[in-house]
Amino acid sequence: MEFFARVNKSILNIQPVPHFFSNKLGNLKPYLSASAFWHPRIPYLYATDGNGFRSNSSTSIETPDKLILCLGDSYTFGVSVPDTATFPAALEKQLNAKSESPAPSYRIINSGTPDTGIEDIYLYYIDKARNIKPNLVILQFDIHNIRLLSKPYRYKFTRQDYTYNIFKDFSLARDISRLFIKQLEQFPAYSLLSKELFGDQTQPDDSRNMDIATQFLEKREYTISRTVDDLLSEDKRILDEQNLETLWPLWNRYLDVLLKLKQSVESDGIDFLLVIIPHHEQMNSFDNAPSAALIPFCIQNNIKYLDLTDKFRSLTRDNGVELFCKPFDYHCNVLGNSIIAEGISKRIDSIGEAPRKTAAFTRNMPSYNHAVPDKVMVTFDEAGYPHLSSTDFMEIVHFKRDNIIIRKEGDGSIQYVTCDLKNAPTASATLELRIKKPVDQVGAVFFPHLQDGDNRSNAFSASLSANNEETSFSTANSNAPERWKDLENMYHVTLKPASAQINTITVKLGFVRDGGFIFENKGDQSFRRFELLLYPPDKG
């Protein structure tokens, strides 16, 4: 079966799960060439070398002058992109291209391991990775690292004593069974049944494996409050600075282990760099919890960092460049990985020639921090007239509608605006608003509603206009029609005119058949709604 999977690498979805083999420097299964996917529409091929690291698919440098070790999770590993497109692979290519040496001198080791957090990474470094003796260690951060802190770390608990032997490699069956169980866990009935039959298995009970964890991480409680658990359920809530105080025990835990890792790396005579990869939710909103929590701590503790939030936002919001594998997967796409590599390459000024020397960096840049926008929710009454949740920031000057109707769904908790099909298959609405405060950018957040998932015969469009400029969105141009039925896709439309301050904005809405948008969902914790965003002028 193993041989069949290796030869027919496009057939099975073999996830790159961590193995932590005791006799391999990497955390993945070695000598593997396989196909995997986060979403079936984006399969990708990956390979691992003899040490259990993901391959860069480049000529191996046996004795590199400069060696860089990349630590991280699935973003470092490069889920959904091929070997040559991960940011460690792109970084190796970029650094060798700008090196004065005629021969390649940089080698980047990709030790990215999906679904491993800061504690797993730290334990891995002090246990094995420090033996690689690189010139530089790069640690990648994304907000999933905070969510993982609510769960037990896994390093030294996943087959700690299991040594890899190519002639006794039967782990493929375990990989497949893990994937099968992961799919079953999506069903609440399975979770309840497994707890009844096997009890709560979330806490490791093998005391023999506690030595390294107890020594370097100390004991910690995994139990978190219901409030914190609710906040962790949505990425947007973790990203919101307003929730930093409530989530601070987890953020503080990350900072504590981050400092331990930095100190361990530097005590080995190795340089350390933290790279902050923004979340796709941050592209059209300005929730800056990661930057707000990490950057001051890095400055205070002399940790070199690279915050890519501003760069990603600029490319996405101002230039319409997609850097994620949306809408099917929210890991970085090929271009996103290349931008990460470019940022790191520019941050590393140079690394000294052999014998091994440390890296020189360009100076730390402050984290870009947009002013947080004021949010005004728009609701509609039974007659189809709009109402603002606050008139402190704006007021309705004029509202025009043609054939719109309010519909309820399910138990009535979901309300959405759409066409009155008794009269015609199309409808429209125009909302003119006056702004009462200084604003240089406006936005709208909405959840399209297409019950049958069809983006052609049913459609919804929205546009914002101000100062003779306009931006728009239409479900008819979306490449993800099957997602509409799930009511999950949130979209932003933002407008920042080149001219001066915005005084009035016009919102135009178009509807075809059952196409519309949700303006209220009381029965859901995400509170899907239609909101207008007002951004004050950028500071500085």
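For this chain, numbers begin at 1 and follow the sequence in order.
Rounding to the nearest 0.5 Å places CZ of Phe530 at 11.0 Å from OG1 of Thr379. Rounding to the nearest 0.5 angstrom, the gap separating the NZ atom in Lys311 from the CG atom in Leu323 is 9.5 Å. Put simply, CG on Asn288 and CG on Leu294 are 11.5 Å apart, with the number rounded to the nearest 0.5 Å. To the nearest 0.5 Å, atoms CG (Leu388) and CG (Leu532) are separated by 7.5 Å. To the nearest 0.5 Å, atoms OG1 (Thr116) and CG (Leu148) are separated by 7.5 Å. Atom-to-atom distance recorded for Ile277:CD1 and Cys332:SG is 5.5 Å, nearest 0.5 angstrom.
Between Arg253 and Asp256, at least one side-chain nitrogen of the basic residue sits less than 4.0 Å from a carboxylate oxygen of the acidic one, meeting the salt-bridge criterion. Under a 4.0 Å N-O distance rule, the pair Arg54/Asp83 qualifies as a salt bridge.
You'll find the side chain of Lys375 reaches within 4.5 Å of the side chain of Leu533, heavy atoms only. Side-chain contact between Pro114 and Val17 is absent, with no heavy-atom pair separated by less than 4.5 Å. Between Val417 and Leu509, the closest side-chain pair of non-hydrogen atoms is not below 4.5 Å. Side chains of Ile138 and Gln140 form no contact here, defined as non-hydrogen atoms less than 4.5 Å apart. Contact check for Pro448 versus Phe517: no side-chain heavy atoms found under the 4.5 Å cut-off. Put simply, the side chain of Leu431 reaches to within 4.5 Å of the side chain of Pro386, judged on heavy atoms. With contacts defined as side-chain heavy-atom distances shorter than 4.5 Å, the pair His144/Asp115 qualifies. Looking only at side-chain heavy atoms (C-beta outward), Tyr535 and Lys496 stay at 4.5 Å or farther from each other.
Shown here are the side-chain hydrogen bond (donor to acceptor under 3.5 Å, both in side chains) partners of Glu342, two or more places apart in sequence or in another chain: Lys346. In this view, His387 and Tyr385 satisfy the ring pair (Phe, Tyr, Trp, His ring centres under 6.0 Å) rule, not counting sequence neighbours. Residues passing the salt bridge (charged side-chain N to carboxylate O under 4.0 Å, His left out) test with Arg401, sequence neighbours excluded: none. For Asp420, the side-chain hydrogen bond (donor to acceptor under 3.5 Å, both in side chains) criterion is met by Asn423, not counting sequence neighbours. Residues that satisfy the salt bridge (charged side-chain N to carboxylate O under 4.0 Å, His left out) test with Glu382, not counting sequence neighbours, are Lys408.
Judged by distance alone, the side chain of Glu241 and the main-chain N or O of Pro290 form no donor-acceptor pair under 3.5 Å. With Lys437 contributing its side chain and Leu534 its backbone, the two residues share no donor-acceptor pair below 3.5 Å. One N or O on the side chain of Gln282 and one on the backbone of Asp287 form a donor-acceptor pair closer than 3.5 Å. One N or O on the side chain of Ser389 and one on the backbone of Met377 form a donor-acceptor pair closer than 3.5 Å. The backbone N or O of Phe297 sits less than 3.5 Å from a side-chain atom of Asn301, completing a donor-acceptor pair. Of the possible polar contacts, one joining the Asn56 side chain to the Ile108 backbone as a donor-acceptor pair under 3.5 Å is found. A donor-acceptor contact shorter than 3.5 Å links the side chain of Thr418 to the backbone of Gly515. Judged purely by atom type and a 3.5 angstrom limit, Asp240 uses its side chain to pair as donor or acceptor with the backbone of Gln242. Checking side-chain atoms of Asn333 against main-chain N and O of Glu322 turns up a donor-acceptor pair under 3.5 Å. Of the possible polar contacts, none joining the Asp402 side chain to the Ser428 backbone as a donor-acceptor pair under 3.5 Å is found.
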**Verdict with reasoning, Ile505 to Leu495, per side chain to side chain contact (heavy atoms under 4.5 Å, CB included)** = CA-CA 10 Å; Ile505 60 172; Leu495 177 64; over 6 Å; no
**Request:** List the steps and the verdict of side chain to side chain contact (heavy atoms under 4.5 Å, CB included) for Phe511 and Asn403.
**Result:** CA-CA 9 Å; Phe511 311 88; Asn403 200 41; over 6 Å; no
**Message:** Run the side chain to side chain contact (heavy atoms under 4.5 Å, CB included) test on Cys419 and Val512 for me, step by step, so that the C-alpha distance in whole Å, both residues' side-chain angles and the decisive distance to 0.1 Å come before the verdict.
**Reply:** CA-CA 7 Å; Cys419 290; Val512 178; 5.6 Å; no
**Asked** What's the verdict on side chain to side chain contact (heavy atoms under 4.5 Å, CB included) for Tyr46 and Val79, showing C-alpha distance, side-chain angles and the deciding distance?
**Response** CA-CA 9 Å; Tyr46 72 95; Val79 164; over 6 Å; no
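Side chains of Asp73 and Asn145: a donor on one and an acceptor on the other come within 3.5 Å.
Within the structure, salt bridge (charged side-chain N to carboxylate O under 4.0 Å, His left out) contacts touching residues 328-341 (residues at least two apart or in different chains) do not occur.
Closest non-hydrogen pair, Ile121 versus Gly72, comes out as CD1-CA, 3.8 Å. Counting all heavy atoms, side chain and backbone alike, Tyr75 lies closest to Asp142 at CD1-OD2, 3.4 Å. Heavy atoms only, all atoms of each residue included: Leu308 and Gly343 are closest at CD2-CA, 4.3 Å. The two residues Gly384 and Ile404 have their closest heavy-atom pair at O-CD1, 3.8 Å. Residue Ser80 comes nearest to Trp38 through the heavy atom pair OG-CB, 4.1 Å, listed as atom of the first residue, atom of the second, then distance. Of all the heavy atoms in Arg513 and Leu421, the pair that sits closest is CA-CD2, 3.6 Å.
You'll find the ring centres of Phe380 and Phe519 inside the 6.0 Å limit. Annotation: Tyr305 is not in aromatic contact with Phe141 [ring centroid separation under 6.0 Å not met].
Remark: of the listed residues Asp230, Leu232, Leu231, Leu232 is the sole one forming a side-chain contact (heavy atoms from CB on, under 4.5 Å) with Val228. For the ring pair (Phe, Tyr, Trp, His ring centres under 6.0 Å) criterion with His280, the lone passing option out of Tyr330, Phe328, Phe312 is Tyr330.
Note on ring orientation: taking the six-membered ring where Trp is involved, the planes of Phe473 and Phe446 are tilted (angle from 30° to 60°). The aromatic rings of Phe77 and Tyr44 sit perpendicular to each other, their planes meeting at more than 60°, with 30° as the lower class boundary.
Around atom CG of Asn468, no more than 12 heavy atoms belonging to other residues, nucleotides or ligands sit under 6.0 Å away.
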